[in-house]
Each structure stands twice: as C-alpha cells, then as structure tokens.
Amino acid sequence: MKESYFPQEIEKKWQKVWEETGAFKTTNDSNKPKYYALSMFPYPSGKLHMGHVRNYTITDVIARFKKAQGYNVLHPMGWDSFGLPAENAAMKHGANPETWTDENIAYMTKQLKMLGLSYDWDREVTTCKPDYYKWTQWLFLQLYKKGLAYKKEAAVNWCEECGTVLANEQVIDGKCWRCDSIVEKKYLSQWFLKITDYADILLEDLNKLTGWGDNVKTMQANWIGKSHGAIFKFKVKEIEGMEVPVYTTRPDTVHGITYLVVAPEYRDIEKLTTAENKSAVESYRANARKMTEIERLSTERTKTGVPLGTHCINPFNGEEFPLWTADYALVEYGTGAVMAVPAHDTRDFDFAKKYNLPIKVVIQNPNNPSECKEAAYTEPGILINSNGFNGMNNEEAKQAITEKAVKEGFGEFKTQYRLRDWLISRQRYWGAPIPIVYCEKCGIVPVDEKDLPVLLPKDVDFSVVGKSPITTSKTFIETTCPHCGGPARRETDTMDTFMCSSWYYLRYSDAKNTTKPFERELVNKWLPVDQYVGGIEHAILHLLYSRFFTKALRDLGLLDFDEPFKNLLTQGMVLKDGSKMSKSKGNTVDPDEIFENYGADTARLFILSDSPPARDFDWSDAGVEGCYKFLNRVWRLIATNAEDISLDFELPEQLTKENDDLVRVVNIAIKGITNDIANDFQFNTVISKYRELTNAIYDWRNKKSELKNEDKLVLSFAITSLIKLMSPVAVHLTEEAWHELGAKTSIHDEAWLTWDENLAKASSITLVVQINGKLKDKLEVDEGLSQEELQKIATESPKIKELISGHEIVKIIVVPKKLVNIVIK
RNA sequence: GCUCCAGUGGCGGAAUCGGUAGACGCGUUGGACUUAAAAUCCAAUUGGGCGAAUAACUCAGUGCCAGUUCAAGUCUGGCCUGGAGCACCA
C-alpha cells in the first residue's frame, strides 16, 4: 500500500468504478424498508457554490448511513431549470436559454460526480424538458378542472426590472426576491392557484410535522396569518340601501367607533364620496397610487387621509360617524374597510389625534378609568359606555356582541387569513407555457390533455424590450380552439418556476413515466420524503407551495398522503469572514479549487466538521488544511499497519472480556457516532469522534514495539471499524483503503457496525467527590460498588478526610457510578 | 411592535437525565527530527492569586439580575445583546 495519500487519483478511479457498476441504483422492489433522502434540487446557475456542497454532502452522508443500516434508499437529483437567469443570459449573449441551461447542467453534473455523491442518476429530473413540463401542464389542467386554478383581474406585484409579475411570497421588503428592485402594484388579469382554500389545513397540519423545526413552522403560521373576528355591516346614512362591511378582531370595542376608514382603492369609494369632497378624495387617491409599496407601508410615516363626506350609523347605539379614506387601510385584507376605535387601537388613535376625531373609551383601563389621552389602551378589561354590555369582560363581550349582530342580521363571525392566492402567471419565455387558449366564441378553453405538452416555441426574438419574448413567436400564438375548432389565441404567460418545484419530489418516484406524472402505487411507496435537506430561504416559498400541492393532488386522487416532507433539516449558510459567501462581496470559495488541491473527501469532511448542520458555517482555509492533514494521518495509520491487518479476523472471546482498552475505545466510538447521527445528524461531533478514535489507535500502536498475534487482531478490529465508520464521509479514501487491505467488494456495501453495550464504556469509573457541590477529589473505583461502599470510599479519601474534619456533616448524596456530594457546615 | 432562534476560552464549537465546564479541532507558544525548510511527532494553552519556574494549592468563571436545588451552561421568572421572519393585516 502506498505510503502517501493521493486523493485526486483515488477519487477519479472510484467514481468511474461506481458509475460503471451502477453502485447507487435504486430498485423499486426490495423487501427492505424504504428511506427517501432528498436535497433541494438546484437551479443550474453555472457552477456549484459551497452552499450546494454543504447541502448535498449532508444528504449524501445520511443516505449512505441509512443504506448501511439496511434501508432501501432513494437518493435522487435533478434540476430546477426554468427561470429568469437563463433568459437574461440568452438576451445578454444572444444565446438560447436552453443551450445555456444544458451547458450549466452538464458542468454541474460533472461537479456533483466529483463530490462523490451517491445519486441514482437514472431518476434525474429536469423541469425545463418537455417530458417533465408536460406533466406540470397536465397538473395545472387538473387543478383548473377542480376550480383551483382561475384567472382574475387584481392588483398584483410588478417587477419592472424582470418585466413580470410576482407572487406575494416573492416580494421581500417591497423588493423583488430576484433582482432587488422596487416592486410596483399593477392591475392585471392573471392566473392564480387557490391556495387560500387550503389555508386552514395548511396551518392545522403544521402540528403533524414533528420532524420540522419550530422556526420554519412559525414562519409558515405567521405567513398564513389566521385571525378570528367578526364582520359588521354599517348602513350609510346618506345613501338608501347602501352598506359598508368591516372586518374586526375587536368586536368588543364596537361601541367605541368614532369614524370608519376605507382603503383608497376601495371599490365603492366613488359612490361613498359627496360632491363637495370629490376633488379632495380624487387627488388623495391619485397620490396613493403614485406611492410605492415601501413608502405606503412605512410605519414611520404619519398617517394621512381625507373625509368622504358621508356617514354610517352604528346599529349598536344609533351613533353616527364619518367615513374617511386613508392609506393605512389595505384593500386586499378583510373587506378593505376598517371600523376605527381610537381609544383601543394604536393606529386609529394616531389618526384621530391628527385629525381631531373624537376618542370614546369603551374598555376600562385600570390605571386611568375614563380617559384616553396619551395612547390607546389595547389590553383586556371591563366594558363601559357599551349599553347592555357594560361590566362584561372584553373576551366574553367579543362573543356576546357578535352573537347579537348575527341575530339582528348586521354581522357574522369571521375567520380571516393573511395568506393570498398564489399568482402563477409570468410574462416570461423560459417557463412552462400555461396550457390555455382564448377563443372569441368559447372564451377561456383548456388545451386538450392529448395535445400536451404545449411546447415552447423556438422562433423567438430574445432582444425585445418591454414584453415577453414568447410574444414574438409567429408559430406559437395563433392556434385553433380545442372546443369549437375556430381561430384562437394561446396564453403567452408561462408558469412560475415554483410550480415546477412543487411536485418534482413526487416525480423521482417514477421519473421515466410517459403516461402520467407518476404511478400512484410508486408515489405512495416512496413518499413522504423521510429526510429533506435545504436552505431556510425556502421556509415559506417552496415548502408552503409543496405542502399545498400535495394536499391538492391528494384531493384529486393522485396520491394518498397529505404531507410531503416528514423530516426537514434546514442547513445554515456558508460564511466566510463572518458574512455570507457572495460574488458581490468577493468572498466566495470555488469548490473546483478545493477538489483539485485537496480532493472531494477533504471538502466533504471539512464542510461537516466545524458546525452542526443547522447552524451557519464559517469557512476557513486553515480548517480545510486541517482536514486534509487528518485524512493523511488516517491514511498513514492504515498504510503503515497494512501488513498486520486482516479483514477476516475474529476477536477471541477473552479479548472482548478482558478489557483491552482499544477494544473498548472502538465500541465507544461506534456507539457515539451512531447516536450522534441518529440525534439530528450532529456530524461535527461525529468527526471529532473520528479524530479521537484515530488518536487512540496511534497511541495504542506507539506503545507497542512488537505486535503479538492477539494485538494484530485488535488492530485489525480497530482499523476496519475506523474505515467503516468514516465511509459515509470519506467515501473515496475508505474505499481505496478497504481494497488495498484485500477486499473484493465495496466498503459501501458493508453493513453498519454494532457495539457491545458492556464494552462501550470505560473499564473503571471516575468517582467525583464534591463538598457542598464543589469538586474536591476524583477517585478511580470499580463499577459494581454499592451506594454505601461509594460513600465509604469517598469519606475515607485522605484529601476529603482532611477537608471535612472539624465540620458537621449535614447530608451525603450518592449518585451511583458517578459522584458523592458531602454537605458540611 | 409581534414571533422564533442564539449568546460558553483568542476562534469554530463540545457537554443524553440538572452531577468533573471547555471534548475535538483551528490558532498561538515551546520542543524533537533536519545542514535547512516542508512534512511529521511531543508538550502547553479560561482568567486571576501565590510562585524564578514547575508542581501543588486557591479564588472566579458559560450575556446580566434574581430564584429553585445537596448540585444550574442545563430548570423557573425578569432583563440585555445579536440574528432571522412577519408587520399600518384592523
């Protein structure tokens, strides 16, 4: 065996062997239990970055570990390959998005193979290929038939830079998630998916996801934003038969209404405006339209508004109050109108102060029972000035007051969600075309399923500005109506790429199917995903959409489970010098360079070594160097002892009983490493245990000048165990070493190791002796001693004897096998 | 403002149940080997006190302040700081 470790040679060699022998292919028929390990698939942006390396290494180690434990493992990979960067690159370089994407996929595939990832490439999925997007379109049609896909005119988020609309989830702080430019509101007719139909169950089922972190679940719960309240309808005094409904979570404060606000975009606002107020209201609305979302939503800005001139009547007490419009009311939420109770709502209070509107207290503030001058009182309390409800606790009053409104016909209980429907139209080329045609006679007509896929046209001009390149195609737009056969026009919008990524994990179960998106039996066999690994940035977007898709497809009868991802690991970011690696900061590290200089095994080991997977990981060149040295050290250990190691050894019984320390150390390592992986995949401590074991073997070996036969057996046991334990991480090194030692089969086909509980602990116990809870002495004692014996040993230790002499012993606590605490005065 | 997460040496981090705080590594310092360097190996490395130094001893110490307990990094209450998410959502 060579004395030196040459990762570049070894790695290429084994990657080739694994590929040729189909080492990582998964079969559907196996009587082993299934395990589905999945990384979030990448966008083929050009090259892998360290975030990818971290993500895929984590999942790969999990997949290999589970395979060794006897599971039939599905570990696939694919490409989230539709999207704007391809189109932008095409426009910039005059190339074609497809060519650009294919080249990137080819390069990144090569990189993934260099990392030694155990994918079953036969199940590769590429969302921009017709054999995939045919089924994305097919699923859209099923959703459409079920009434879950619909078109409507609405105020939508428009990114001028990207030239397309965006879903709410893709607007971050009023800016586009992709290009960071300011998002505007536009009124457009667009396609939506009715995710709001599932709002309640998406929230409810978060409870089932015990394998998800609370952070992700709370983010989703906040995003869905469920609140309980009531709708009240107020008659307009000046207009016969007209009512303004409001949504409130504080029906208990209804007697304290002193005005009412409608959003500037409120649909009946013109009717509600008197002739005198018309011009003021018009200019206020025009101004609101001009403002960006960011300006409008800024909480620092003082509230503004103008009166409409009309009034409403409060049916609870007959009081009249004026109608205003103000942009702190949002047209998309609730009814677009707010009942204002300045005494008990901070925003209403600010507004009332500014415009001198009355403030009427209806919930008693214990510190200031009848006035409200400084700030709104928003805490619970007892009702006053509320007719028949005076003296009632406000929580009860919510119920009682709404019940009264229901009974008298001017109100109802209402549950409201913050979640809006998912806007899926995009005015871009590089996406799956929405399979819809518009016919003058028949209107909106879905494409016939047998005519799928609706292929992306090739005859497009990517240099056009201000419209989607797809609209330049001469062959695409004009078509015939599937219904009447007459002339019709194709939908030119494509689907949000998140549509494609909302079901890819299902397709892996049956990636080659040409007659349906997946066979029901296979999808039910493999799903749900047992372990999903990816970035926290998808906490809402992709993970919420996928949960919705799964539930919708279950309701369509395509599958029989209701949550797609049983366990979720959100890996932390890869940092360099304390900030996220990014091209703009210039602190990126190119994986290719690491592969070339140190090899993939070093990269894999290092990316797992320093931080637990969920936490951020700080990249350091010294750390890489350290891992490379460690692998060299492991290699030398094996190489220098190769002649004394046999693979088909058997430990004689007396060795397993007679306390050979190294045998114990190995058992401790097997137990510790197995438990660390089982316990939230703590790979950082797994790796520290590799080092401890390696150090222990070196120490043991250095103490022996000559090896007896028995010693050789122990050494063989220790080294082969080390090789197997390290095999999920250092995949190439361990395979090479295994074969160098004479193996004919792969280390990766060997079963995971088990340990002997009796040997997985030290031969003696360190008894800790404390006085008043402070460590005073340590004693080596036998394991089996009774509490009385331990107490005797502790109190008779010379050190302790001296310390307690002259003191009164109050109490002695003995923890078996661990410690004795003597309490003295 | 609301919600969630985190805070431990010079640094990354470790510590099933409340029971030896600082595993393992990085860095640093010293040494061995070498003509020299690289590589490798060995040793020290929380802070303070006493010490020429070593050893021994001793006090303090897991963001802060209280509490529970024989015993708190770990449990409870109240803060502080940092990060993330949401946010005029009525």
Side-chain angles (χ1 to χ4, degrees), chain A residues 4 172-173 213-223 225-227 229 246-250 253 260-261 263 296-303 326-330 332-341 344-348 350-351 378 416-420 536-537 539-540 573 575 578 606 609-612 614-627 629-630 632-633 636 672 675-676 679 682 684-695 698 702 766-778 810-815 817-824:
Chain A
S4 306
I172 315 289
D173 289 335
D214 283 338
N215 52 345
V216 179
K217 286 193 278 187
T218 351
M219 277 161 78
Q220 291 210 358
N222 288 344
W223 187 260
K226 184 178 186 175
S227 68
V246 299
Y247 171 71
T248 180
T249 53
R250 294 295 305 274
T253 63
L260 189 150
V261 177
R296 250 189 86 166
L297 295 184
S298 163
T299 41
E300 272 98 71
R301 198 168 70 88
T302 53
K303 294 176 177 42
D327 59 12
Y328 79 91
L330 305 173
E332 318 94 79
Y333 187 74
T335 62
V338 184
M339 64 178 224
V341 185
H344 306 294
D345 181 280
T346 323
R347 294 152 300 178
D348 298 343
D350 293 346
F351 193 81
T378 56
Q416 181 72 38
Y417 298 91
R418 220 190 59 105
L419 182 72
R420 315 277 159 76
I536 186 77
E537 66 274 18
I540 294 172
M573 290 185 298
L575 314 176
F606 175 56
S609 67
D610 265 8
S611 297
R615 255 197 261 180
D616 287 351
F617 175 87
D618 212 334
W619 183 275
S620 81
D621 296 335
V624 184
E625 195 73 37
C627 285
K629 283 183 186 169
F630 172 63
N632 272 284
R633 193 166 143 79
R636 268 197 313 277
N675 288 344
D676 282 355
N679 182 18
Q682 288 184 49
N684 53 329
T685 55
V686 167
I687 286 160
S688 74
K689 285 173 176 122
Y690 292 163
R691 291 177 186 270
E692 281 173 352
L693 179 57
T694 307
N695 292 344
Y698 265 110
N702 290 341
T766 307
L767 182 73
V768 171
V769 187
Q770 299 178 329
I771 292 178
N772 291 344
K774 300 210 168 183
L775 171 75
K776 293 295 168 183
D777 202 4
K778 292 184 202 176
V810 182
K811 195 180 198 182
I812 298 182
I813 288 122
V814 181
V815 182
K817 299 182 186 181
K818 235 178 204 160
L819 106 175
V820 174
N821 186 16
I822 304 166
V823 186
I824 60 170

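In the text below, chain A, chain B and the rest are named by the order of the sequence lines, each starting its count at 1. The figures here come from the full heavy-atom set of this structure, side chains too, leaving out hydrogens, waters and symmetry mates.
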Atom pairs, protein N/O to nucleotides 42-47 of chain B N/O, distance under 3.5 Å:
none

Legend entry - Dot-bracket summary - RNA chain B, pairs being Watson-Crick or G-U whose distances fall under 3.5 Å, with | when paired to another strand: (((((((..(((......[....)))((((((.......))))))((((.......))))..(((((..]....))))))))))))....
Inset, instruction - Describe the nucleic acid contact of A/Arg691 in one word from base, sugar-phosphate, nothing, applying a heavy-atom distance below 4.0 Å. - result: sugar-phosphate
Inset, instruction - Give one of base, sugar-phosphate or nothing for A/Lys217, where a contact means two heavy atoms less than 4.0 Å apart. - result: nothing
Heteroatom pairs (N/O) under 3.5 angstrom, protein to nucleotides 69-71 of chain B:
unit_1, atom_1, unit_2, atom_2, d
B/rC70, OP1, A/Lys811, NZ, 3.3
B/rC70, O2', A/Asn821, ND2, 3.3
B/rC70, O2, A/Asn821, ND2, 2.5

Distance between the [atom1] atoms of [N] and [M], in whole angstroms?
| N | M | atom1 | answer |
| --- | --- | --- | --- |
| B/rG61 | B/rA52 | C1' | 28 Å |
| B/rA6 | B/rG12 | C1' | 15 Å |
| B/rC86 | B/rU28 | C1' | 45 Å |
| B/rG30 | B/rC5 | P | 46 Å |
| B/rG18 | B/rA72 | C1' | 6 Å |

Inset, instruction - Tell me which of A/Asp348 and A/Lys689 sits closer to the 5' end of RNA chain B, going by the nucleotide each one is nearest to. - result: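 Final value for this comparison: A/Lys689.
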Legend entry - Of A/Thr766 and A/Met219, the one whose closest RNA chain B nucleotide lies more 5': A/Thr766
Legend entry - N/O donor-acceptor pair under 3.5 Å between A/Asn684 side chain and A/Ser609 backbone: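 Absent.
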Could you write out each protein N or O paired with an N or O of nucleotides 58-62 of chain B at a distance under 3.5 Å?
unit_1, atom_1, unit_2, atom_2, d
B/rA60, OP2, A/Lys774, NZ, 3.3

Provide, to the nearest angstrom, the distance between the [atom1] atom belonging to [X] and the [atom2] atom belonging to [N].
| X | N | atom1 | atom2 | result |
| --- | --- | --- | --- | --- |
| A/Arg636 | B/rA39 | CZ | P | 11 Å |
| A/Lys303 | B/rA90 | NZ | P | 14 Å |
| A/Trp223 | B/rC86 | CH2 | P | 6 Å |
| A/Glu537 | B/rA84 | CD | C1' | 12 Å |

Inset, instruction - Can you check each nucleotide of nucleotides 4-18 of chain B against protein heavy atoms at under 4.0 Å and return B for base, S for sugar-phosphate only, - for none, in 5' to 3' order? - result: S-------SSSS-B-
Legend entry - Test ring pair (Phe, Tyr, Trp, His ring centres under 6.0 Å) applied to A/Phe606 - qualifying residues, sequence neighbours left out: A/Phe617, A/Trp619
Legend entry - Any A/Tyr247 side-chain nitrogen or oxygen under 4.0 Å from OP1 or OP2 of B/rA90: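 Indeed not, no polar side-chain atom of A/Tyr247 lies that close.
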Legend entry - Short side-chain N/O contact from A/Arg420 to OP1 or OP2 of B/rC89, under 4.0 Å: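 No, no such contact exists.
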Inset, instruction - Say whether A/Asp676 and A/Thr685, considering side chains only, have a donor N or O and an acceptor N or O under 3.5 Å apart. - result: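 Yes.
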